[in-house]
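All remarks here apply to the structure that follows.
Counting starts at 1 for both ligands and their atoms, in listed order. The shown structure was predicted, so the numbers you read here are calculated from the model rather than taken from an experiment. All residue numbers refer to positions in the sequence shown, counting from 1.
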Amino acid sequence: MTHFAAASKKAIPITALVKAQLGKWLKSQNKHLQNWVSSTGFKASPGELCLIAAGDGRLSKVLVGVSEHANLWDCGNLSKSLPEGVYKFERAKSSNIEKWALGWALGAYSFSRYKKNAKNKTRKLARLALPKECDRAFLECAVEATYLARDLINTPAGDMAPAQLAKAAKALATKHKAKFSVIVGDDLLKKNYPAIHAVGRAVETKDQAPRLIDIRWGKPGAPKLTLVGKGVCFDTGGLDLKSAGGMKLMKKDMGGSANVLGLAHMIMAAKLPVRLRVLIPAVENSVSGNAMRPLDVIPSRNGKTIEIGNTDAEGRVILADALTEAAREKPDLIIDFATLTGAARVALGTELPALFTNDDKFANAIAKAGASQQDSLWRLPLWPGYRKMVDGKTADLTNAPEGGYAGAITAALFLQEFVEPKTNWAHIDLMAWNLSNKPGRPEGGEAMAIRAVFQTLKQKYAS
Ligand code: BES
Ligand code: ZN
Ligand code: ZN
């Protein structure tokens with residue numbers, strides 16, 4: 001990890017200042033500094049910078065404006081906007097430094113795999129020296145998890161087919177000495193994953209063949225935790241083809257699986273006392289002569305039949321089989337992550353993932369964890385009154401209820417049909433993408449809700 005440096009006396013000090021305290025702080029400084037700060041117009045607005053030179057002209061100090069309550073994103077631009085070098089926060093609480101440090105490192109990300117210009121790739125960023133009171137292990141692992149998710153999402157679908165997604169999952173499993181297996185192509189039919197096969201069968205190359213990725217890790221006897229991630233490597237919509245605008249970002253439709261791999265990394269790196277299983281149905285939702293058609297009826301692993309109301313509602317169809325397999329082992333908790341519906345984005349926007357769960361305790365815990373991690377989710381109801389909307393006309397269920405009202409809820413209710421009623425389950429419908437650059441959150445693929453979930457799991461299992 002290159003964003004953080006060891007504590008060092010030589011590091012350039014950064015003074016973090018809250019706007020309301022700037023005046024008082026300035027009074028304790030010399031006239032020279034007071035004049036400089038006032039002539040630069042520095043007001044200590046959150047994220048605002050003021051560079052200060054020593055008598056010899058070298059950079060000797062940095063002022064940065066911060067919010068009254070330490071905010072992750074106040075320092076989200078610093079790695080890229082400060083000159084190359086090592087910095088440290090002066091006279092600040094280590095709990096505040098931890099927040100600023102996380103924002104600093106998350107803001108240092110860039111996706112340069114396809115940039116030819118080597119200079120762009122190696123622009124040296126400002127690094128932060130961490131005091132030893134900071135939880136460096138957590139910070140590094142949260143940053144690695146986020147970078148992993150972003151890299152997987154940002155990689156174009158041409159280089160991130162189901163085979164490559166499986167390869168990335170295998171690399172993670174190997175790193176943590178976890179067991180890895182995968183069921184590919186027609187073997188999905190032999191092993192009774194007909195819904196995953198039906199969605200993913202319309203492909204040309206071996207790399208694109210549908211598959212179910214399976215990682216297992218942890219000690220026998222520990223509580224079972226199963227993570228499921230939607231891995232649609234590209235969502236064209238299928239025969240119900242998306243519009244150009246609607247299709248453009250659909251390399252991110254494996255964002256659920258990317259987040260699940262990031263979260264799995266955090267869990268394994270922290271050695272949480274759980275028996276972890278990760279299930280990723282990985283497919284392409286493509287168009288060809290053998291693609292599933294509107295009103296086709298598809299069998300599923302748990303026996304319920306699915307009528308295809310819309311080939312673009314493919315995520316819930318592959319998750320049906322993966323959740324059935326997850327639930328078969330009666331784990332202590334199942335959590336799925338999926339870029340499942342546009343409707344969840346209409347309801348909550350792009351930055352706030354929707355949470356659905358039958359576990360009120362988990363919902364309350366994650367609300368608190370989300371706020372403390374600045375990684376919030378918002379609970380929506382598994383409203384039983386809408387359950388009838390997912391009934392099929394010629395099959396047990398439809399994947400696309402008519403009208404489209406409450407689309408995020410009906411998608412969640414569809415998934416619930418494949419989870420045992422007594423199993424604790426949470427479903428996270430997320431965007432996994434930043435539409436524009438914001439401090440700490442560059443445009444492109446994004447990890448969402450994994451810090452909140454990790455914190456919740458740590459509290460639940462590690463005590
Ligand atoms: N992957 C999309 C959902 C999506 C779109 C998530 C944009 C985030 C941003 C999903 O497969 C889809 O197309 N869902 C349809 C379902 C509908 C046809 C019932 C949707 O939400 O419109
Ligand atoms: Zn779709
Ligand atoms: Zn999709």
Side-chain angles (χ1 to χ4, degrees), residues 149 153 157 160 162 165 195-196 198-200 202 210 228-260 280-287 291-296 298 306-320 322 336-354 356 377 380 386 389-392 397-415 427-436 443-449:
I153 296 167
M160 189 49 66
L165 184 56
I196 298 175
V199 172
V228 179
K230 172 175 171 181
V232 175
C233 291
F234 197 80
D235 183 8
T236 67
L239 290 175
D240 291 317
L241 201 66
K242 285 183 183 290
S243 65
M247 201 188 298
K248 192 166 183 191
L249 289 182
M250 284 301 131
K251 68 172 182 180
K252 79 172 176 75
D253 213 21
M254 33 59 73
S257 66
N259 272 273
V260 156
I280 296 173
V283 301
E284 303 264 347
N285 189 20
S286 280
V287 182
M292 61 174 176
R293 288 158 289 254
L295 293 191
D296 271 356
I298 283 167
I306 303 168
E307 179 176 290
I308 301 301
N310 192 312
T311 62
D312 196 10
E314 80 299 336
R316 67 196 78 184
V317 180
I318 60 170
L319 289 171
D336 77 73
F337 283 70
T339 50
L340 202 63
T341 67
R345 308 289 62 87
V346 174
L348 298 174
T350 57
E351 293 177 35
L352 190 56
F356 296 85
L377 302 86
L380 294 179
Y386 296 160
M389 290 166 73
V390 300
D391 279 342
L397 297 165
T398 174
N399 75 335
E402 261 152 57
Y405 290 115
I409 297 176
T410 54
L413 289 169
F414 177 97
L415 297 183
H427 157 57
I428 295 171
D429 189 337
L430 76 167
M431 179 69 173
W433 189 267
N434 297 320
L435 288 174
S436 61
E443 182 178 335
E446 186 59 296
M448 294 182 169

Please produce the table of protein N or O atoms sitting under 3.5 Å from N or O atoms belonging to ligand 1, one pair a line, distance to 0.1 Å.
from     : atom 1 : to     : atom 2 : distance (Å)
ligand 1 : 1 (N)  : Lys230 : NZ     : 3.3
ligand 1 : 1 (N)  : Asp235 : OD2    : 3.3
ligand 1 : 1 (N)  : Asp253 : OD1    : 2.8
ligand 1 : 1 (N)  : Asp253 : OD2    : 3.1
ligand 1 : 1 (N)  : Thr339 : O      : 3.3
ligand 1 : 11 (O) : Lys230 : NZ     : 3.3
ligand 1 : 11 (O) : Asp235 : OD2    : 2.9
ligand 1 : 11 (O) : Asp312 : O      : 3.0
ligand 1 : 11 (O) : Glu314 : OE1    : 2.9
ligand 1 : 11 (O) : Glu314 : OE2    : 3.0
ligand 1 : 13 (O) : Lys242 : NZ     : 2.8
ligand 1 : 13 (O) : Asp312 : O      : 3.1
ligand 1 : 13 (O) : Asp312 : OD1    : 2.9
ligand 1 : 13 (O) : Asp312 : OD2    : 3.1
ligand 1 : 21 (O) : Gly342 : N      : 2.7

| request: Work out which heavy atom in Ile153 is nearest to a heavy atom in Ala258; give both atom names and the distance. | output: CG1-CB, 3.6 Å
| request: Please identify each residue that fulfils salt bridge (charged side-chain N to carboxylate O under 4.0 Å, His left out) with Asp336, with sequence neighbours left out. | output: none
| Sub-2.8 Å protein N, O or S atoms surrounding the Zn ion (ligand 2) | Asp235 OD2, Asp312 O, Asp312 OD1, Glu314 OE1
| said: Quick check: do Asn259 and Ile428 have side-chain heavy atoms less than 4.5 Å from each other? | reply: no
| request: Identify the heavy atoms of Asn285 and Gly238 that sit nearest to each other, and give their distance. | output: ND2-N, 3.6 Å
| Presence of salt bridge, Arg345 and Asp429, under 4.0 angstrom | yes
| task | Kindly indicate whether the side chain of Val260, heavy atoms from C-beta on, has any atom under 4.5 Å from the side chain of Val228. | result | no
| field | 4.5 Å side-chain heavy-atom contact, Leu241 and Met247 | value | yes
| message | Under the rule for salt bridge (charged side-chain N to carboxylate O under 4.0 Å, His left out), what residues qualify as partners of Glu443, not counting sequence neighbours? | response | none
| field | Side-chain heavy-atom pair Lys248, Lys242 within 4.5 angstrom cut-off | value | no
